[in-house]
Amino acid sequence: MKPDPRLYQIATLACLLGYGLIRLDFEIPLVQAASMLGTALVTQFACTRLWRLPAFDPRSALISGLSLCLLLRTNSLALSIAAAIVTVGSKFVIRINGKHLFNPTNFGVVATMLATGLVWVSPAQWGNVAFFAFLMACLGGLVVNRAARSDVTFAFIVFYMSLVFGRSLWLGEPLVIPLHRLQSGALLLFTFFMISDPRTTPDHPIARVFFGALVACVAWYIQFRLFRTNGVIWSLALCAPLVPVLDRVLPGRRFSWTDAAVLPLVPVPGRMRRTPSPAVALERIHVS
């Protein structure tokens, strides 16, 4: 049985949050971080009961809650709690063809920013040591989490870096400027934990590459033509409704965390396939 890759994500995010609270200026009180995490778990549990699902699974709620703690900033404890409720609740409410329409964390952040002017996204400039340590952890996650379709991650970052560097070269800017723009903790969180969410990306590999490239282009336009901050966050929210269209045009194999982490591989003549188990039925109806 292969370890669940979500456990690696939870460990990585938790270590970063702990280090940020102790050593870095993350500008988030401990009580606020604890409130968001607790609210995310309570909301997941409440929705599990309301939707009459067979089991409570805290893993995706922990990932969403930890991501909120790292990204979302507000001086209002009530708004931070509301953001956690909206984030986790969106997984259960906003669905098309059995898939989340929006990445939960992305939806929670965008919804609260649109609803009030009292919420913003942390720039997450952590310094070179923390940034590169987290980058290495994220790259390690691609190995551990290889079933989570890292193609969309590579497509996004290659296209986005090309656009950012291309603009600087066109304007004659020194390379230190685009390099500084890319050394953002928020960009790493987006690239490796948000756009790469296998439950909200297209099913077909070609569609995922197209989606990653599209998000990169829209993000660049918002950031450098409309001169709005958090271009990648807004871009993903705008492009997410296209995923059901891409799934219809280019149908592919639907991702399942059960297939990625529970089902063992067994040999069959000429190929490898996964053997069904009783956990499959639970995963197919479970919201994660």
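All figures in this text were calculated on a predicted structure; none of them were measured in a lab.
Looking at heavy atoms from C-beta onward, Gln44 lies in side-chain contact with Ser60 at the 4.5 angstrom threshold. Residues Gln9 and Arg59 fail the side-chain proximity criterion, which asks for heavy atoms closer than 4.5 Å. For the pair Ser35/Leu77, a side-chain contact is recorded, criterion being any heavy-atom separation below 4.5 Å from C-beta on. Counting heavy atoms from C-beta on, the side chains of Val109 and Met194 never come closer than 4.5 Å. Looking at Pro104 and Asp197, their side chains come closer than 4.5 Å, going by heavy atoms from C-beta outward. Contact of the Phe193 side chain with the Thr105 side chain is not registered, since no non-hydrogen atoms from C-beta on lie closer than 4.5 Å. Counting heavy atoms from C-beta on, the side chains of Thr201 and Asn103 never come closer than 4.5 Å.
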May I have the step-by-step check of side chain to side chain contact (heavy atoms under 4.5 Å, CB included) for Ser64 and Thr87, ending in yes or no? CA-CA 7 Å; Ser64 296; Thr87 294; 3.8 Å; yes
For a side chain to side chain contact (heavy atoms under 4.5 Å, CB included) check, start with the C-alpha distance between Gln223 and Leu163, then their side-chain angles and the critical distance, and finish with the verdict. CA-CA 11 Å; Gln223 193 84 24; Leu163 290 168; over 6 Å; no
For side chain to side chain contact (heavy atoms under 4.5 Å, CB included), just list the numbers for Ile10 and Leu66, CA-CA rounded to whole Å, side-chain angles, deciding distance to a tenth of an Å, and then say yes or no. CA-CA 8 Å; Ile10 292 169; Leu66 289 166; 4.1 Å; yes
Go through the steps for Thr74 and Gln32 under the test side chain to side chain contact (heavy atoms under 4.5 Å, CB included), then give the verdict. CA-CA 9 Å; Thr74 178; Gln32 192 176 68; 3.8 Å; yes
Could you give the side-chain donor-acceptor pairs of residues 164-179 under 3.5 Å, partners two or more places apart or in another chain?
residue	atom	partner	partner atom	Å
Ser168	OG	Val164	O	3.4
Ser168	OG	Glu173	OE1	2.7
Glu173	OE1	Arg181	NH1	3.4

Distance-only donor-acceptor hits, side chain of residues 231-245, under 3.5 Å, sequence neighbours excluded:
residue	atom	partner	partner atom	Å
Trp234	NE1	Thr229	O	3.4
Ser235	OG	Val215	O	2.7
Ser235	OG	Ala219	N	3.3

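Relative ring orientation between Tyr160 and Phe156 is described as parallel, the plane-to-plane angle staying below 30° on a 0-90° scale split at 30° and 60°. Ring geometry for Phe102 versus Phe107: interplanar angle of 30 to 60°, hence tilted.
Of all heavy-atom pairs between Ala83 and Leu72, the closest is CB-CD1, 3.8 Å. A pairwise comparison of heavy atoms in Gly89 and Cys47 identifies CA-SG, 4.5 Å as the closest pair. Of all heavy-atom pairs spanning Ser122 and Ala186, the tightest one is O-CB, 3.8 Å. Closest non-hydrogen pair, Trp120 versus Leu118, comes out as CZ3-O, 3.6 Å. Thr48 approaches Ala55 most closely through the heavy-atom pair CG2-O, 3.3 Å. Of all non-hydrogen atoms in Leu68 and Ala84, the two that sit nearest each other are CD1-CA, 3.7 Å.
Note on Ile22 and Leu70: separate hydrophobic clusters, where clusters join Ile, Leu, Val, Met, Phe, Trp and Tyr whose side-chain heavy atoms are under 4.5 Å apart, directly or indirectly. The same ILVMFWY cluster, assembled from side-chain heavy atoms under 4.5 Å apart, contains both Trp220 and Leu188. Cluster membership for Val93 and Val42, using ILVMFWY side-chain heavy atoms within less than 4.5 angstrom, is not shared. Both Leu187 and Val158 sit in one connected hydrophobic cluster of ILVMFWY residues. Membership requires side-chain heavy atoms under 4.5 Å apart, directly or through other members. Each of Val152 and Ile206 belongs to its own hydrophobic cluster when Ile, Leu, Val, Met, Phe, Trp and Tyr are linked at side-chain heavy-atom distances under 4.5 angstrom.
In terms of modelled atom types and a separation under 3.5 Å, the side chain of Arg208 and the main chain of Asp203 share a donor-acceptor contact. Under the 3.5 Å distance criterion, the side-chain polar atoms of Thr200 are left unmatched by any main-chain donor or acceptor of His100. A donor-acceptor pair is defined here as one N or O able to donate and one able to accept, closer than 3.5 Å; no such pair exists between the side chain of Thr116 and the backbone of Thr112. Of the possible donor and acceptor atoms, none in the side chain of Arg228 sits under 3.5 Å from a partner among the backbone N and O of Phe224.
From Arg254, atom CZ reaches atom CZ of Arg199 across 8.0 Å, with rounding to the nearest 0.5 Å. Within the model, atoms OG1 of Thr39 and CD1 of Ile81 stand 4.5 Å from one another, a figure rounded to the nearest 0.5 Å. Rounding to the nearest 0.5 Å gives a distance of 10.0 Å between CG of Leu62 and CG of Leu13. Rounding to the nearest 0.5 Å places CG of Leu16 at 9.5 Å from CG of Leu21. Atom CZ of Phe190 sits about 10.5 Å away from atom CG of Leu71, to the nearest 0.5 Å. One distance of note links OG of Ser80 with CE of Met36; it measures 5.0 Å at 0.5 Å rounding.
Evaluation of the salt bridge (Lys or Arg N to Asp or Glu O under 4.0 Å) test over residues 239-252, restricted to residues two or more places apart or in two chains, returns Lys99-Asp247.
Results of the ring pair (Phe, Tyr, Trp, His ring centres under 6.0 Å) test with Trp51 over Phe92, Phe56, Phe45 single out Phe92 as the only residue that passes.
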